[in-house]
Amino acid sequence: MSRILLDHGSGGKTSQELIEQVILPRLANPLLAPLNDGAVFELPGQAGGQRLAMTTDSYTVSPIFFPGGDIGSLAVHGTVNDLAMCGAEPLYLSAGLILEEGFDLSDLERILDSMRGAAEEAGVAIVTGDTKVVERGSADGIFINTAGLGMVRPGVSVSGQGARPGDRIILSGTVADHGVTILSQRKGLSFSTELRSDSAPLNGLVRAMLTAAPGIRCLRDPTRGGVATTLNEIAAQSRVGMILEEDALPLREEVRSACELLGLDPLYLANEGKVLAVVGPEEADRVLKAAQEHKYGRQAALIGRVTAENPGRVLLQTPYGTSRVVGMLAGEQLPRIC
């Protein structure tokens, strides 16, 4: 590895190699080591007290405006969701804007209004920020960096290392909506019904699920690399196998058609408003019901189970009685997705 490639931002195998071979050896510490969606910690001198969660993310999506959202709402939703995946109640966000010389001021105002609306819906406040301007041609309009802070609910402990054989896998709704929406905007594709990104704040949905079952073992939002890559990460962290049921995967017909047309696997496309939950078998029905009763989880489905066999591997069972390995994303299917 001598140069950075687009593949290094895919969230898949190449990204993992960059993290493990270049970043972690230089920045390693106990809070970073679990590689969850954020770090969970107690403040010094507060042992046994309130736990906090912190996360950060950067957004470079192209186009910056798309059906169902824009780079501003996406930045707020993504940060809120990463905190929620730590079992935290999101509280405060920061926003750093990198603007390109010549960027339209009315577009900036539209993005900021969208950020405000997204923050209000999620019940968080954007409390600090920064603005930088770079030369024309250096930033493709606007990039946004965010960080978030939240409080972890008492008694909740979710982690990518928490999956156990016998657990059930729940997905809160249809896959690949965001990825196919962004792709359709870039390629000028049209469908009988308008595709919309699923970008949404998931903290309310997660709150309902954790209220129904505080013992949820793992929560993840399958963004870059999609459902397949996210489950491979959990399987590797927990040293378990996973089996998905193809018939159980919720998928919009227009998304299915677009993926078939373009030769893409929806399991690897990004989602920005979905949560994967790994739960004990005795809690699965309660979690599923709680998700389906929330506006962002009405199409939630039980999509698979955790096994002791084939640790670190995810298998997909087809309707024809066969199965195939669903590996981690190897390259970049769609750059600048979030």
Side-chain angles (χ1 to χ4, degrees), residues 5-19 35 37 57 60-62 66 68 74 78 81-82 85 160 169-187 189 195-199 218 220-237 241-278 299 301 303-304 310 312-318 322-338:
L5 308 173
L6 272 177
D7 285 357
H8 286 117
S10 67
K13 186 179 297 184
T14 313
S15 293
Q16 191 174 57
E17 290 173 354
L18 178 67
I19 292 169
L35 294 180
D37 285 329
D57 211 336
T60 65
V61 66
S62 177
F66 46 85
L74 182 67
N81 294 348
D82 280 349
M85 299 309 124
I169 305 167
I170 292 172
L171 177 64
S172 66
T174 51
V175 298
D177 294 350
H178 179 75
V180 172
T181 297
I182 297 299
L183 183 61
S184 68
Q185 293 296 296
R186 292 184 193 170
K187 301 295 185 182
L189 302 178
L195 285 170
R196 294 176 61 82
S197 168
D198 60 347
S199 181
C218 181
R220 285 286 178 87
D221 55 336
T223 53
R224 292 178 305 161
V227 168
T229 297
T230 301
L231 289 179
N232 270 275
E233 290 173 350
I234 297 171
Q237 285 181 283
M242 292 184 173
I243 297 177
L244 303 182
E245 301 290 342
E246 188 173 24
D247 278 350
L249 292 166
L251 182 65
R252 297 184 192 279
E253 190 54 43
E254 55 267 40
V255 171
R256 186 192 309 275
S257 298
C259 289
E260 290 176 353
L261 176 67
L262 297 167
L264 298 173
D265 188 334
L267 283 174
Y268 291 98
L269 293 177
N271 312 269
E272 292 294 340
K274 300 299 187 300
V275 56
L276 280 165
V278 179
Q299 294 174 298
I303 64 167
N310 302 306
R313 179 171 290 187
V314 179
L315 300 178
L316 181 72
Q317 288 192 336
T318 73
T322 59
S323 63
R324 64 178 175 90
V325 175
V326 179
M328 183 173 285
L329 182 65
E332 178 62 272
Q333 273 200 331
L334 188 60
R336 305 277 301 278
I337 193 67
C338 59

- line: Rounded to the nearest 0.5 angstrom, the CZ-CD1 distance for F66 and I182 is 4.5 Å
Pairing residues for T229 by the side-chain hydrogen bond (donor to acceptor under 3.5 Å, both in side chains) criterion, not counting sequence neighbours: none
side-chain hydrogen bond (donor to acceptor under 3.5 Å, both in side chains) partners for S197, two or more places apart: H178
task: Mind listing the closest non-hydrogen atom pair of A248 and A301 along with its distance?
output: O-CB, 3.7 Å
- request: Indicate yes or no: at least one non-hydrogen side-chain atom of L249 is less than 4.5 angstrom from one of L316.
  value: yes
- prompt: Below 4.5 Å, heavy atoms only, C-beta onward: do N310 and L315 meet side chain to side chain?
  reply: yes
side-chain contact (heavy atoms from CB on, under 4.5 Å) against R252, all qualifying residues, sequence neighbours excluded: T174, D177, E254, V255, Q299
- request: Quickly, which of V175, T230, L231, L267 forms a side chain to side chain contact (heavy atoms under 4.5 Å, CB included) with P222? Name it, please.
  value: T230
- prompt: Who are the salt bridge (charged side-chain N to carboxylate O under 4.0 Å, His left out) partners of E253, not counting sequence neighbours?
  reply: R256
message: Applying side-chain contact (heavy atoms from CB on, under 4.5 Å), can you list everything that pairs with D82, at least two apart in sequence or on another chain?
response: D37, T55, D57, D221
- prompt: Do you know the tightest heavy-atom contact between M328 and Y268?
  reply: C-CE2, 4.0 Å
message: Between I337 and L269, is there a side-chain heavy-atom distance shorter than 4.5 Å?
response: no
field: Pairs involving residues 225-237, ordered by first then second residue, that meet salt bridge (Lys or Arg N to Asp or Glu O under 4.0 Å) (sequence neighbours left out)
entry: R220-E233
message: The criterion is salt bridge (charged side-chain N to carboxylate O under 4.0 Å, His left out); which residues satisfy it with R324, sequence neighbours excluded?
response: D265
field: Partner set under side-chain contact (heavy atoms from CB on, under 4.5 Å) for S62, not counting sequence neighbours
entry: D140, R186, R336
- prompt: Looking at residues at least two apart in the chain, or sitting in another chain, which of them share a side-chain contact (heavy atoms from CB on, under 4.5 Å) with A236?
  reply: none
- prompt: Less than 4.5 Å apart, any side-chain heavy atom of Q16 and any of I19?
  reply: no
message: Taking salt bridge (charged side-chain N to carboxylate O under 4.0 Å, His left out) as the definition, give me every residue that meets it alongside D198, ordered by chain and number, with sequence neighbours left out.
response: K274
Qualifying residues under side-chain hydrogen bond (donor to acceptor under 3.5 Å, both in side chains), relative to S323, sequence neighbours excluded: none
Minimum-distance pair of heavy atoms, taken over all atoms of T181 and S184: O-OG, 2.7 Å
- prompt: Which heavy atom in P250 sits nearest to a heavy atom in I303, and how many Å separate them?
  reply: CD-CG2, 4.1 Å
